[in-house]
Amino acid sequence: MEELSRLFRLAAEHGAGYRRSLPDRPVGVPVDQDALVEAFSGALPDGPTPPERVLAELLAAAAPGLVASAGPRYFGFVVGGALPAASAADILATGWDQMATNAVSSPAALAAEAVAGGWLKELLGIPASASVGFVTGCQAANTVGLAAARHQVLAEAGWDVERRGLPGAPPVRVLAGAERHGTIDRSLRLLGFGTDVLEPVPADHNGAIDLGSLWEKLRAGPLIVCLQAGNVNTGACDRLREACELVHRYGGWAHVDGAFGLWAAAAPATRHLVDGLELADSWACDGHKWLNLPYDSGFAFCARPEVHGAAMSYAAAYLVGSGGVPEGADLTAESSRRARGFAVWAGLRELGRDGVAALVERCCALARRFADGLGAAGFEVVNDVVLNQVLVGFGDDARTDRVVAAVQADGTCWVGGTTWRGRRLMRISVASATTTEADVDRSIAAIIRASV
Ligand SMILES: *Cc1c(COP(=O)(O)O)cnc(C)c1O
């Protein structure tokens, strides 16, 4: 047991030391992936290795291949940092090693989920009566939301999809914005719809769904519409109030993929961007992006808990709604689950309502600072910077790719490249709780240096 304490202390101290080093280390150094694999490799040992040596070997092998994505100047993908209390709570989740399947397997884990779930709904403006499954990320949350949608639109057509599957089922139409996230397509594959079912709805100038085009495509019959809060390139949010009202007028199910954009609801300055979100039927959101929770953490909300449970429960569906309240693993695609609720509870407790709002507003202000600084330097900001995403062009595609690569190699900050509307662009995403104005200014200077 002495040894376990030593090991835990060592791991925690290394983790904390690594975090402390983040502001000063090169953000994304190029690595030789084969050499990294080599450092981890060796034949499967026949016998045991002392745990402290295992840890030492792991530390040595991993160090050169770590990316400072939890640091203040990582602007790739949509990656947030990890709040201190939330990170420590996640270490405890490991120490406690709870199986968060249900309240029998871990009463504490389910209690933390229950309270944190209520706080999440309050912050996001999702009805308090909605159910929430704690999942691995927004991919999983999209799958859960669309499974609930599949259940309901087919139940209304007289078809029990959980029992009978899709062969022979009434056809379901699935509409989604042309600029939906790729995880929507994968969720539809996993749910047996296939991607051919998707009818893309054209996007407006900034990548949100075009309402007129949506309306033209709507007809009665089993219908699922995937809406989006936070276009992964531009940050644009669909006009959820009008879109949900339209979808409901035709009896459809409105699902909102709001991996990061749903957090606009938590800040007074951005709340209008997701006005009407409460009208949707299901919502998918991430904790590990803008909320700065440690990986992995996502939330699948459903306006109708009984539908959520009927689609996902792995106890018999008939138990749900007849006294049994769906909880824990009845609301996700996992059976045994990590106790993610501790980190969610801790992160929300650490920030409080005002802290979440300040985090969202600060990131948006820093995104605008990027846009203003790079615009002033003569580069083209291509999107309307409505949220935390900035798209920048540096002339032709080849030059933009060269600038992105040079910025990445420089190591001051890390930005990604993307293709949007046929053009190669630099994509900057501000989502970390630790990013400051000074970090943005240093990064702008590095980007300008890389462009010459
Ligand atoms: C990141 C993202 C997803 C996928 O989320 P994961 O956490 O990676 O599973 C889905 N939709 C949008 C809009 C995203 O930005």
Side-chain angles (χ1 to χ4, degrees), residues 67 69-70 74-82 86 120 124 132-147 149 174 176-191 195 198 200-201 203 206-209 225-238 240 243 254-265 270 273-274 277 280 282-301 332-334 337-338 340 343-344 347 360 363-364 367 383 386-391 416 418 420 427-432:
V67 175
S69 50
Y74 189 86
F75 305 109
F77 308 99
V78 188
V79 170
L120 288 168
L124 296 171
V132 49
F134 287 68
V135 295
T136 51
C138 205
Q139 167 79 75
N142 278 331
T143 306
V144 171
L146 293 172
V174 182
E179 297 195 19
R180 68 191 172 276
H181 195 268
T183 50
I184 291 286
D185 298 52
R186 180 154 63 176
S187 293
L188 293 172
R189 279 158 47 197
L190 292 173
L191 291 167
T195 49
L198 255 172
V201 182
N206 206 34
I209 211 166
V225 179
C226 305
L227 302 168
Q228 181 167 259
N231 177 309
V232 79
N233 282 309
T234 65
C237 299
D238 295 349
L240 297 176
H255 171 77
V256 178
D257 174 0
F260 64 96
L262 221 48
W263 288 103
T270 46
L273 295 172
V274 288
L277 77 89
S282 54
W283 305 260
C285 188
D286 260 322
H288 53 222
K289 287 181 177 170
W290 214 348
L291 189 56
N292 281 247
L293 298 181
Y295 287 97
D296 44 22
S297 184
F299 319 111
F301 302 93
T332 71
E334 291 84 28
R337 307 157 58 232
R338 179 173 178 78
R340 293 187 188 86
V344 183
V360 170
C363 288
C364 292
N383 64 317
V386 291
L387 209 60
N388 62 334
Q389 304 290 114
V390 188
L391 295 177
T418 188
W420 190 63
R427 181 167 72 129
I428 299 170
S429 173
V430 189
S432 173

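Counting convention: from 1, in listed order, for ligands and their atoms alike.
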Contacts of D286 meeting salt bridge (Lys or Arg N to Asp or Glu O under 4.0 Å) (sequence neighbours excluded), chain-then-number -> K289

Side chains of R186 and Q139, donor plus acceptor under 3.5 Å = yes

Protein N/O near ligand 1 N/O, under 3.5 Å, which pairs?
{"unit_1": "ligand 1", "atom_1": "5 (O)", "unit_2": "D286", "atom_2": "OD2", "d": "3.2"}
{"unit_1": "ligand 1", "atom_1": "7 (O)", "unit_2": "C138", "atom_2": "N", "d": "3.1"}
{"unit_1": "ligand 1", "atom_1": "7 (O)", "unit_2": "D286", "atom_2": "OD1", "d": "3.0"}
{"unit_1": "ligand 1", "atom_1": "7 (O)", "unit_2": "D286", "atom_2": "OD2", "d": "2.7"}
{"unit_1": "ligand 1", "atom_1": "7 (O)", "unit_2": "H288", "atom_2": "NE2", "d": "2.7"}
{"unit_1": "ligand 1", "atom_1": "9 (O)", "unit_2": "C138", "atom_2": "N", "d": "3.2"}
{"unit_1": "ligand 1", "atom_1": "9 (O)", "unit_2": "Q139", "atom_2": "N", "d": "2.8"}
{"unit_1": "ligand 1", "atom_1": "11 (N)", "unit_2": "D257", "atom_2": "OD1", "d": "3.0"}
{"unit_1": "ligand 1", "atom_1": "11 (N)", "unit_2": "D257", "atom_2": "OD2", "d": "2.7"}
{"unit_1": "ligand 1", "atom_1": "15 (O)", "unit_2": "K289", "atom_2": "NZ", "d": "2.9"}

Q: Check whether the side chains of S282 and H255 place a donor and an acceptor atom closer than 3.5 Å, and report yes or no.
A: yes

Applying salt bridge (Lys or Arg N to Asp or Glu O under 4.0 Å) to R427 and not counting sequence neighbours gives none

Hits for ring-ring contact (aromatic ring centres under 6.0 Å, His included) against Y74, two or more places apart or cross-chain, chain-then-number order -> W414

The reported gap from CG in N233 to CG in N383 (rounded to nearest 0.5 angstrom) is 8.5 Å

